[in-house]
Amino acid sequence: MTIRPETMAWIQRTAVLFLGALVLLGESAFAAERAIPPSVEGYSPGDREMAATIVDRPTFQAARKLPFRADPDVFRFLIDQPDFAAAVSRGIGHDRFRILPERGRYRIFHGHARGVFWAAERRPGRAAYLAKGVYENPAFAWLGIVVRARSYVVEDFMWAAPGNSGTSGSVAIRAYLHVENVILDWVFRIIAPLVRKAFEDKLTGAYRIAPDLSRMAYRDAGGFLEKVQKIEGLDPARLNAFEKLVKRRARPPGP
């Protein structure tokens, strides 16, 4: 059987899209619980409309709960200052996110991805963020495709009463991603079972920085601060405030 040139070209493009999706999001299989749609009451009209649109038709959605032990004040400091948290995370080799404040919002860069995010909701026990950005994976470059997406992430924070072993906390992350490229949205939906865990890791990565860093600070305050103090370019005032919080609740290494 002879395959016509235009048919072969279509097959090649489809294969690249499929493989590119795997490159973009990984190849791990994961059975995740479905994220429960959050309330958008109290949002600004624009944020409410954007969040509702993403939740109504997500390309991907996921729910993840992360237990950790930390000092609540250290955790809240990192949550409230994501650019500082990202700089610390990058400086100690934890992750490569770069976050820059910009007129009440934050520019974020990570590998081939870049975008902007902002808080749609911030109150004790909960934070919600909206984001939009692009992913310029080289696998799509020859097709002239730039992946465009919007996301909505809700974090619920819970703390148990302090005990002899310290303060136990957890953060429940509900994440929704909508790919705006119609064809890519269709492709990603088809292969969703293959890439769900990788999607969770990619989309929730920036939101795990505060739990991870606060846990490190809790387990070994001295060793953690020694690494942080070697990071160049941190804002001195915020670094000083952060050091005081970590030292105030310093505990010996433990689980």
**Message:** Using the rule given for side-chain contact (heavy atoms from CB on, under 4.5 Å), can you reason through Ile92 versus Leu213, listing the C-alpha separation, both sets of side-chain angles and the distance that settles it, and then say yes or no?
**Reply:** CA-CA 10 Å; Ile92 66 173; Leu213 294 184; 3.7 Å; yes
**Request:** Determine whether Leu130 and Arg150 make a side-chain contact, defined as any pair of heavy atoms from C-beta on separated by less than 4.5 Å.
**Result:** no
**Message:** Side chains of Ile79 and Phe157, heavy atoms from C-beta outward: is any pair under 4.5 Å?
**Reply:** yes
**Request:** Go through the steps to decide whether Asp83 and Arg238 satisfy the test side-chain contact (heavy atoms from CB on, under 4.5 Å), and finish with yes or no.
**Result:** CA-CA 11 Å; Asp83 54 326; Arg238 291 198 288 178; 3.0 Å; yes
**Request:** Please report the shortest heavy-atom distance between Phe75 and Ser214, naming the atom on each side.
**Result:** CD1-OG, 3.6 Å
**Asked** Less than 4.5 Å apart, any side-chain heavy atom of Thr53 and any of His178?
**Response** no
**Message:** For the backbone of Ala85 and the side chain of Ser89, can you confirm whether one donor and one acceptor N or O come within less than 3.5 Å of each other?
**Reply:** no
**Prompt:** With hydrophobic residues grouped by side-chain heavy-atom distances under 4.5 Å, do Val88 and Leu239 end up in a single group?
**Reply:** yes
**Message:** Counting only heavy atoms from other residues, nucleotides and ligands, does the tally under 6.0 Å from CZ of Arg148 exceed 12?
**Reply:** no
**Request:** Can you see which heavy atom on Leu177 is nearest to which on Ser151, and at what distance?
**Result:** CD1-CB, 4.0 Å
**Item:** Tyr106 side, atom OH; Gln81 side, atom CD - distance, nearest 0.5 Å
**Value:** 7.5 Å
**Asked** Hey, are Arg114 and Glu136 close enough for a salt bridge, meaning a charged N less than 4.0 Å from a carboxylate O?
**Response** yes
**Item:** From Phe109 atom CZ to Leu100 atom CG, the distance as rounded to the nearest 0.5 Å
**Value:** 5.5 Å
**Message:** Consider side chain to side chain contact (heavy atoms under 4.5 Å, CB included). Of Leu234, Val74, Asp235, which one does Phe242 pass it with?
**Reply:** Val74
**Message:** Just verifying a value: how many Å separate Arg215 CZ and Asp212 CG, rounded to the nearest 0.5 Å?
**Reply:** 5.0 Å
**Message:** Whether Asp73 and Arg248 form a salt bridge (side-chain N of Lys/Arg under 4.0 Å from carboxylate O of Asp/Glu) is what I want to check.
**Reply:** yes
**Request:** Please lay out, stage by stage, how Lys132 and Val116 fare under the test side-chain contact (heavy atoms from CB on, under 4.5 Å).
**Result:** CA-CA 6 Å; Lys132 54 185 178 181; Val116 60; 3.8 Å; yes
**Item:** Exceeds 12 heavy-atom contacts within 6.0 angstrom, atom CZ of Arg48
**Value:** yes
**Prompt:** Under 6.0 Å from the six-membered ring centre of Tyr218 and within 45° of its axis: does the NZ or CZ of Arg69 meet both?
**Reply:** no
**Prompt:** Side chains of Met216 and Val228: does their closest heavy-atom pair fall under 4.5 Å?
**Reply:** no
**Message:** Side chains of Ile54 and Met50, heavy atoms from C-beta outward: is any pair under 4.5 Å?
**Reply:** yes
**Prompt:** Quick one: are the ring centres of Phe68 and Trp159 less than 6.0 Å apart?
**Reply:** yes
**Complete:** Scanning both residues in full, the closest heavy-atom pair of Ala241 with Phe77 reads CB-CE1, 4.0 Å
**Asked** Below 4.5 Å, heavy atoms only, C-beta onward: do Arg122 and Asp80 meet side chain to side chain?
**Response** yes
**Request:** State the CZ-CD1 distance between Arg105 and Ile99, to the nearest 0.5 angstrom.
**Result:** 15.0 Å
**Message:** Using side-chain heavy atoms (C-beta onward) and a distance below 4.5 Å, is Tyr43 in contact with Glu49?
**Reply:** no
**Asked** How long is the gap from CZ on Phe117 to CZ on Arg107, to the nearest 0.5 Å?
**Response** 11.5 Å
**Message:** On a heavy-atom basis, which atom in Val40 and which in Tyr152 lie closest, and how many Å separate them?
**Reply:** CG1-OH, 3.8 Å
**Asked** Between Ala128 and Val154, what is the shortest heavy-atom contact and its length?
**Response** CB-CG2, 4.1 Å
**Message:** Is it the case that the side chain of Arg90 and the backbone of Phe97 share a donor-acceptor pair, with hydrogens and angles ignored and the cut-off at 3.5 Å?
**Reply:** yes
**Prompt:** Would a hydrophobic clustering, with Ile, Leu, Val, Met, Phe, Trp and Tyr connected at side-chain separations under 4.5 Å, put Leu225 with Ile209?
**Reply:** yes
**Request:** Find out whether Arg64 and Arg208 are in side-chain contact, i.e. whether some heavy atom of one side chain is under 4.5 Å from a heavy atom of the other.
**Result:** yes
**Prompt:** Can you tell me how far NZ of Lys65 sits from CD1 of Ile173, rounded to the nearest 0.5 angstrom?
**Reply:** 12.0 Å
**Prompt:** In terms of hydrophobic clustering (I, L, V, M, F, W, Y; side-chain heavy atoms under 4.5 Å; direct or indirect links), are Val179 and Val134 co-clustered?
**Reply:** no
**Asked** If you take all heavy atoms of Ala221 and Val246, which pair is closest and at what distance?
**Response** CB-CG1, 3.7 Å
